[in-house]
Structures are given as structure tokens and as C-alpha cells.
Amino acid sequence: MSFEQLPDGLGIGVPAPRLSWVLPIGAPAQDAYEIETVRAGHVHRTGRTSGADQVLVPWPGQPLTSREQATVRVRTWAPKEEQPSSWSEPSRVEAGLLDAADWVAVPVGGAWAEDPDSDRRPSRVRKDFAVTAPVERARLHVTAHGLYEAEINGRRVGDDILAPGWTVYPQRLRYRTYDVTDHLRPGTNTVGAWLGDGWYRGRFGFDGGTRNIYGDDLSLVAQLEITHTDGSTTVVATDGTWSAAPGPILTSGLYEGETFDARLEDLNWSTPERTGSEPWTAVSIGARDPHTLVAPQGPAVRCTQEIAPVTVTRTADGRHLLDFGQNLVGRLRVTVDGPPGTRITMRHAEVLQGGELATGPLREAHATDVLVLAGDGPRTWEPRFTLHGFRHAEITGWPGELADGAVTARVYHTDMRRTGWFECSDPLVNRLHENVVWSMRGNFVDIPTDCPQRDERLGWTGDIQVFAPTASYLYDCAGMLDSWLTDVGIEQLPDGTVPWYVPVIPGNDIWTPIRPGAAWGDVAALTPWVLYQRFGDLDLLRRHYPTGRAWVDLVERLAGPTRLWDTGFQLGDWLDPIAPPEDPAAGRTDRHLVATAHFARSARYLAWSARELGEDDDARRYAALADEVAAAFRDRYVLPSGRMTSDSPTAYCLAIAFDLLDDPAARARAGDRLAALVLRDDARIATGFVGTPLICDALTETGHLDVAYRLLTQTECPSWLYTVTQGATTVWERWDSLRPDGTLNPGGMTSFNHYALGAVADWLHRTVGGIAPAAPGYRALTFRPRPGGGITWADTRHETPYGTAALSWKLTADGMTARITVPPGCHGTVDLPGRAPFTLGPGEHVVDSAEPRNAPGPVALAATTHPRP
Ligand code: BGC
């Protein structure tokens with residue numbers, strides 16, 4: 001069983017956590033279930049409960065109290081079965097500190113004077129304490145103003161990094177609960193933590209950034225709670241009795257990198273036997289309203305993979321250049337020995353230019369780590385409070401030979417469960433899909449960022465809005481995005497304006513003060529619906545509904561009675577390839593056409609959301625509004641000839657994919673025009689952030705599947721596969737971040753790791769692979785592969801909330817044969833080319849169709865981008 005959208009139940013912040021379970025593959029449907037909870041030795045069973053619910057089922061019985069533990073298990077009945085299944089393995093859940101009154105800890109940090117406008121030396125805090133009775137269990141509840149890495153008796157606590165992550169700290173600061181029972185010993189113990197500036201007070205943002213965005217203190221908030229076997233407890237909480245000292249980290253910043261002087265290191269600093277000479281002094285006490293302390297809703301950021309360099313070359317002046325063969329997000333771990341004072345400098349970049357690191361695209365993110373050796377033998381080190389986006393690294397000052405295994409790149413991101421895979425017969429398309437996966441990994445680092453390498457790394461709303469469908473297939477990102485959407489709601493302005501990026505930080509006058517922008521702001525209404533469709537979490541939809549409604553109400557006011565949002569600043573189809581490098585918003589599609597289309601779409605999604613939530617008045621109101629905006633859109637932007645006022649691919653994509661045209665003939669005409677425009681460009685891509693996620697669906701839904709495949713398999717610039725042929729291992733921000741002549745795009749924004757243009761993967765999953773949700777949470781599915789582009793087989797699999805859904809097909813002389821897995825308790829509509837659709841129940845099936853190969857046909861079942869309720 002799982003609890004809420006969390007990987008495990010330790011330190012849960014929800015008193016009545018919802019339960020989910022998956023029936024084993026091949027298991028028939030579920031007719032009833034029974035849940036057993038054991039709390040403080042008391043066994044409670046619900047009895048046989050009729051129903052097929054198994055995803056986010058309400059907690060049975062009384063809510064948990066703070067720190068309360070329970071083990072939970074479930075058994076189910078199949079239809080017409082008298083006997084229940086065996087019980088599931090027991091799952092443990094333990095509440096965190098559910099009440100502000102549970103907290104006695106206060107923020108503590110170094111009390112020495114610091115220049116707030118400088119790179120400040122990170123500190124450590126520590127406290128000795130006695131364990132005077134046998135321990136039954138011990139929990140460390142901890143967070144920080146800044147970033148922390150805790151240790152007890154010299155042993156690290158947990159394996160996550162960049163904790164507590166980034167939220168809107170004044171309103172919401174996450175703490176994490178760790179089981180530290182095994183860290184303790186009888187007698188004197190020590191608890192301590194490394195601290196780093198992070199997002200709280202580190203320099204963050206572009207154009208030089210801003211320091212101290214949330215405060216200038218660097219403080220730990222920690223509460224160690226020890227329960228002894230006799231039931232008594234000992235609490236060691238951060239207070240005035242703690243001490244602080246500068247540590248061996250001289251400087252550290254998310255953009256800058258980290259400098260560590262091992263000569264200043266006391267390996268015993270977090271043990272009672274500390275030996276170092278550094279002056280531990282009394283801490284200063286900070287302020288934190290415990291009502292703002294919340295438990296996480298998603299996984300932590302962890303190392304998920306290690307990669308060895310593919311090549312190590314030596315430059316004439318003795319530097320080492322390492323190519324890891326994969327553009328990744330993480331940092332180097334080195335094992336090295338050398339004389340005291342040896343200074344090893346590690347620089348990072350995504351691409352080389354002229355055989356050297358191309359650091360220009362990093363802008364003011366120096367991404368440089370420095371290790372000064374102590375000469376006390378081989379040392380393994382990696383920075384603590386920074387991350388880099390890189391494929392290449394340059395190391396200067398390495399003593400002697402750089403042996404195999406001495407340098408490893410460690411990949412870090414939010415440790416979400418992988419839930420989606422795709423492969424097909426075209427190796428270039430497979431590489432493209434891999435690049436999308438890597439860009440998601442690289443930019444899902446506690447929040448969804450635009451890019452991981454330069455002096456940005458912000459939670460741009462538009463990027464995740466277009467990428468959310470793809471993300472929801474590839475990884476179980478519900479908890480992480482639910483948390484981030486909570487911050488979107490917090491940062492929303494009283495008038496309903498949704499920021500360009502969340503959390504909000506000072507930006508230049510384009511971004512501050514915040515102005516409402518289409519496609520970016522529409523994350524508020526569109527993304528909760530997508531997550532509901534993909535994960536079936538109605539509570540998530542309910543919690544974020546007010547944010548979406550306030551946004552649509554704002555746009556309604558801005559549009560006025562015309563129902564056209566045709567005034568004000570807009571980004572339009574950002575990074576349309578025709579836009580000049582220095583003006584990415586200068587695309588070929590009217591920005592207000594883009595805005596009004598999104599107005600209609602958000603009103604429509606809000607109507608659907610309201611209906612699902614039982615807000616029937618709202619459902620009627622927003623459905624009518626969506627109809628009116630769509631009508632206004634047609635009157636203003638669609639000419640009698642069917643041509644659009646912006647005769648651009650993105651304009652037709654919006655009209656088709658957002659369902660703004662009122663009759664099939666108009667849709668078909670728009671599809672024909674779109675196909676003609678694409679073929680006129682010889683199927684080179686002509687869309688930006690807005691049109692790109694929609695174009696393949698728009699072509700597929702209007703009978704131009706072949707043109708969609710022409711786009712997909714194009715390798716000339718601009719196109720998805722052009723980047724692959726240029727050696728891309730992630731998705732680029734620009735279609736030509738690297739130009740055909742091998743030079744970098746001169747534009748000020750040239751990232752090689754942006755997931756937005758990778759949103760095409762959702763079409764790969766649903767149309768090339770063939771799996772799409774047909775009901776929230778994939779309770780019902782559509783298996784509708786549509787081959788083309790010379791692709792002769794494809795495999796895709798998704799771990800839905802109900803279990804595994806899979807489809808692998810290959811073309812045969814007579815048509816297509818397919819192996820299909822339908823999750824237990826679900827049913828699938830199978831629509832193979834040339835064969836009438838039919839339904840399949842749970843289990844594994846082999847089916848085929850007599851349809852002649854590659855004959856794109858009109859869309860029978862209209863499996864649209866997002867299933868209409
Ligand atoms: C970011 C994008 C973002 C865009 C909006 C860029 O700087 O990298 O991801 O969507 O700005 O203008």
C-alpha cells in the first residue's frame with residue numbers, strides 16, 4: 001500500500017492519509033476490500049467493503065495524531081468470490097509533527113558578523129547530548145533557513161540533498177523526518193548539521209541575481225525526539241545551548257559551485273570526540289512561525305545514478321577534460337590524494353567549443369568547485385550545496401595521473417518512481433525520447449525548472465504547463481507537482497495573476513512587477529486537470545481549483561465583453577524558430593490569438609474540473625464562458641475562407657487541439673492548411689513553446705498523420721531529430737542552440753537542457769506507442785497505435801495507479817500484431833488500424849488487425865490529447 005502520493009509513510013503530514021494499492025497482474029477486478037490498521041497494538045478492521053476503489057481510498061477510522069504509528073494492510077474480493085485474497089504486506093505509516101505546538105525547536109546559526117552582500121562562509125552547528133536510557137526509537141525532524149545536511153555521531157542522516165528544497169518560505173517551509181534510531185549510542189552523543197545558503201539567502205536570479213531573498217540568517221531548525229523503551233522521551237531541539245562554527249566549506253552557491261579546504265576539516269566535528277581547533281561559539285536565535293512548517297508531499301532529491309567519464313583527455317597545459325557522454329544534472333565525486341594545499345578546480349559545461357568548455361551559455365553561473373587537499377591521504381569528496389548542468393568537465397590541478405574511477409558524475413533529481421517507457425524501431429526517435437527523459441530528470445529538482453545550468457533554474461509556469469502530460473507518463477510526479485502548485489497558489493496575486501515563475505524572485509522589469517501572461521499563467525487551470533486525468537487524484541484537483549478559478553476570472557475581466565484577451569504584454573509562441581535570437585517572443589503567431597485560445601481552454605478545463613468536483617453552477621458558468629470565448633476567437637481570428645488571421649502552424653494547432661472550431665468541416669480545413677504549411681517548409685518545425693506540444697496531435701486528429709511523421713522524422717534544422725543528429729543527449733531550449741555550422745546560438749538564452757520542446761513525447765506515448773487514458777487515473781484506457789514514418793514496431797509501458805498498462809506492436813504482412821496488458825480492474829478500448837474498435841478486460845492479450853500497413857485513416861475514436869469527460 002502507499003500513502004497519499006508519497007514513496008513511504010514516514011513523517012507524513014496528513015492526519016488521514018489516503019491509501020492506494022495495486023492488484024497483482026492478471027488479478028481479476030476487485031469487488032470489495034477490507035482494510036486492517038494496527039495502532040498501539042489495537043487491531044481495527046473495516047470489514048468487507050463493497051467497491052472497486054483502490055486509488056487514494058479514504059483513511060479508515062480516526063485520523064492519526066502527531067508521531068503516531070500504524071501498520072496497514074488490505075485484502076480484496078474478486079467478483080463472485082466468497083474467499084478474500086491474502087492480506088497485502090503490512091505497510092507502515094507514521095505521522096510527523098502535525099501541530100505547530102509540537103515544535104519547540106527554534107532556528108539557530110552562527111552569531112558572528114557577516115557582510116550580507118558578499119559570498120559568506122557556510123557554517124555548521126552542533127550539540128552534545130546524553131542518552132541515559134535504552135532507546136526504542138528516535139526521529140529527527142529537521143529543516144533550515146538555507147540548506148542542511150545533518151549528522152549524528154559522525155554519521156550522515158539520510159541520503160537526500162538540497163533539503164528542505166525550495167518553497168515560498170515565508171508561508172511554507174518543509175521539514176523532513178528521519179529515522180535515526182541506529183545513529184544513537186548510550187552516553188554522550190552529538191547531533192549537528194552543515195548549512196549552505198541555497199535559495200534562502202544565496203545569490204539567485206538572472207542579471208546578477210539577488211541575495212538574501214528570504215532572509216540573511218543561515219539557521220538550522222532541528223528537533224531530535226528519542227522514545228525510550230520505558231516510554232519516556234528525550235528531546236534535543238535547536239536552542240541557545242547549541243554552538244556554531246565556520247566549516248571547511250569556504251564558499252558555496254547553487255550557481256557558483258563550492259570551495260572546500262580540507263585542511264580546515266575536523267572529521268570528528270559531529271562526534272563527542274571532536275578534535276578540531278575551530279572556535280565553536282554560542283549560536284544566534286532566529287525566528288520561524290511553526291505554523292509554516294509542513295511535511296513534504298513528494299520525494300526528496302537524491303542521487304539516482306553514477307556515470308563514469310567516457311573519455312578523459314589531457315590538454316597541452318596539463319588540464320584534464322572529461323566527457324561523460326550524457327548531459328546531466330549533478331556534480332562530480334572525486335577520490336584523490338596529494339600534498340597539503342593542492343588546489344583542484346573543477347569547471348562544468350554542457351558543450352565544448354573549439355575543444356574547450358563553452359561556459360558562455362552559463363552566463364553568471366560559474367559552476368566551479370574547488371577542493372584544497374589536506375595531504376592526509378586519499379580523500380573522497382563531492383560538494384554539498386550546489387548542482388551543475390553539464391556533460392563536460394575540466395579539472396585543473398589534479399595531482400598526478402587521473403586514474404579510472406577517480407572521478408564520477410553523480411546524477412541528482414527528485415527521486416520519483418519511473419512509470420513510463422517508450423521504444424520503437426527508429427533509433428533516432430528512441431534517442432529523442434531518451435533526451436526527453438534526461439531533460440525531465442535534469443529539471444525536476446525539487447521544483448520543475450526551465451533549465452539546470454545557467455543563472456536561472458526557475459519554476460517557469462509555461463514550461464511545466466506544456467510538459468506536464470509527458471512528465472506524468474514518465475515518472476510519478478504527482479506529489480512533487482502538487483507541492484509546487486501549492487506554491488503557485490500562494491504566489492498568485494489577489495487579482496488572480498499567476499506569476500511567470502514560482503517561487504517568485506526579483507527579476508528585471510519584464511518579469512517584475514508580475515503581469516498576467518497566457519500559456520504561462522494558464523498552468524493554474526490546465527495542469528491540475530492534467531494531473532487529475534493522469535493520476536486520478538480528485539483531492540489535488542479540488543485543492544488547486546480556487547487558483548484556476550481566480551485566474552480565469554481575471555482573464556475574463558481583462559478580456560471584457562468582447563471575450564477577446566487582446567490587450568497587454570504576451571510572450572506568444574515563445575522561441576518560434578523564426579524569432580530572432582535576441583527576441584524569442586517575436587514569433588509569427590499573433591500573441592493575442594494565443595492568449596484568447598488559452599482563455600477558452602482554461603475556461604473549458606475549469607468547467608470540466610467544476611463538474612468533477614460537483615460545483616455544478618461553476619460548471620455551467622465556465623462552460624458557457626468557454627463557448628463564448630471560442631465563438632469570439634472564431635469571429636476574430638478565423639476568416640470566412642477558413643484561413644486564420646495568423647496563417648501560422650501554431651494558430652491552426654491551437655484552433656484544432658483546443659477544439660475552438662465549431663464544425664468538422666472547419667476542423668478539416670484547418671488541418672489541411674496546417675499540413676500544407678508544414679509541407680511548404682519541407683516538414684521543418686515552425687512552432688515554439690505553445691505550438692510544438694500540439695502540432696502532431698493537430699495533424700493526427702485531422703487526417704494528416706503522415707505529415708506528423710514527416711515532422712517527427714525530419715533531421716534538418718529546425719526539427720526534433722536535428723538536435724539528435726547534432727549529438728544532443730537532452731532536449732535543447734532552442735531548436736538551434738547549436739547551429740548546423742557547430743557554433744552556439746548567439747542568443748542570451750542558449751540552454752542545452754530545457755524540457756519544453758520535448759512535450760512531443762506525450763504524442764509518442766499515445767499515438768506511436770498507442771496508450772492513452774480514457775478516464776481519470778487510467779481507470780479506462782485507449783490502446784490506439786497509429787504507425788507511420790517507416791516505424792515498424794513500438795513498445796510502450798506505463799505504471800498506472802491501477803497497475804501496468806503495456807502495448808507492443810509490430811507490423812506484419814497482414815497488418816499489425818499487438819501484445820496488450822490491461823491493468824487489473826480496468827478495461828481498454830483497442831483501436832488498431834483497419835479493425836473496428838473492441839474492448840479488452842484486465843490481463844495480457846495478443847491481438848492483430850488485417851488493416852494494410854501505414855494507411856493513415858480518419859480518426860475513428862477521436863482519442864484527443866486529453867480525454868473529454
Ligand atoms: C526561460 C523559459 C521561459 C521563458 C519565458 C526563459 O528565460 O528559460 O523557460 O519559459 O524565459 O520567457
Side-chain angles (χ1 to χ4, degrees), residues 204-210 254-255 327 329 350 360-365 389 436 439-440 442-445 447-468 470-471 484 488 491 497-524 526-527 568-577 579-587 589 591 594-595 598 650 687-694 730-737 744-759:
F204 217 70
F206 34 74
D207 306 332
T210 307
L254 289 163
Y255 293 163
N327 195 21
V329 174
E350 297 182 302
L362 304 180
R363 304 192 307 210
E364 300 195 35
V436 174
S439 277
M440 177 173 178
N443 285 293
F444 272 56
V445 176
I447 67 160
T449 59
D450 61 321
C451 62
Q453 70 301 83
R454 65 180 182 223
D455 55 353
E456 201 157 351
R457 311 180 195 188
L458 298 176
W460 284 92
T461 48
D463 301 46
I464 188 62
Q465 185 268 104
V466 299
F467 191 70
T470 295
W484 179 76
V488 171
E491 298 278 34
T497 296
V498 171
W500 298 102
Y501 44 78
V502 170
V504 172
I505 62 168
N508 59 34
D509 55 17
I510 299 177
W511 314 113
T512 313
I514 306 171
R515 295 172 285 183
W520 274 254
D522 292 284
V523 72
L526 302 181
T527 303
F569 172 81
Q570 291 291 352
L571 291 176
D573 192 20
W574 183 258
L575 285 170
D576 171 331
E582 68 290 349
D583 185 5
T589 308
R591 301 176 201 197
V594 172
H598 280 84
T650 291
T687 51
F689 276 27
V690 166
T692 300
L694 307 175
T730 42
V731 177
W732 295 352
E733 173 175 27
R734 294 170 182 271
W735 294 106
D736 60 350
S737 286
L744 289 177
N745 184 298
M749 306 167 344
T750 299
S751 145
F752 288 85
N753 200 347
H754 255 70
Y755 49 53
L757 297 175

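We use all heavy atoms of the structure for the numbers below, so side chains are in, but hydrogens, waters and symmetry mates are not. Numbering of ligands and ligand atoms starts at 1, following listing order.
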Between Tyr755 and ligand 1, find which residue part has any heavy-atom pair under 4.0 Å and reply side chain, backbone, both or neither. neither
Check for me whether [X] has a heavy atom closer than 4.0 Å to any atom of ligand 1.
X	result
Trp500	no
Gln465	no
Trp520	yes
Phe689	yes

CD of Glu350 to SG of Cys451: how many Å apart, nearest 0.5 Å? 8.0 Å
Can you check whether His754 has an N/O within less than 3.5 Å of an N/O in ligand 1? yes
Nitrogen or oxygen atoms of Arg454 and ligand 1 under 3.5 Å apart: yes
Protein heavy atom at shortest distance from [atom]:
atom	result
atom 5 (C) of ligand 1	Trp460 CZ3, 3.4 Å
atom 12 (O) of ligand 1	Trp511 CH2, 3.1 Å
atom 7 (O) of ligand 1	Glu456 OE2, 2.5 Å
atom 8 (O) of ligand 1	Asp450 OD2, 2.6 Å

Residue [X] vicinity, atoms of ligand 1 by number, heavy atom under 4.0 Å:
X	result
Asp463	2 (C), 3 (C), 9 (O), 10 (O)
Leu571	5 (C), 12 (O)
Glu733	8 (O)

Between Phe689 and His754, how do the two ring planes meet: parallel, tilted or perpendicular, split at 30° and 60°? tilted
Taking the inter-plane angle between the rings of Phe204 and Tyr255 on a 0 to 90° scale, is it parallel (under 30°), tilted (30 to 60°) or perpendicular (over 60°)? parallel
Between Thr692 and Thr687, does any side-chain donor sit less than 3.5 Å from a side-chain acceptor? yes
Judged by modelled atom types alone, do Asn745 and Ser737 share a side-chain donor-acceptor pair under 3.5 Å? no
With respect to Asn753, which candidate in Glu733, Gln453, Arg454 satisfies the side-chain contact (heavy atoms from CB on, under 4.5 Å) definition? Gln453
Could you point out which residue of Leu571, Leu575, Asp573, Asp576 forms a side-chain contact (heavy atoms from CB on, under 4.5 Å) with Pro584? Leu575
Would you say Thr461's side chain and Trp520's backbone share a donor-acceptor pair under 3.5 angstrom? yes
Compare all side-chain heavy atoms of Tyr755 with those of Asp463 and state whether any distance is below 4.5 angstrom. yes
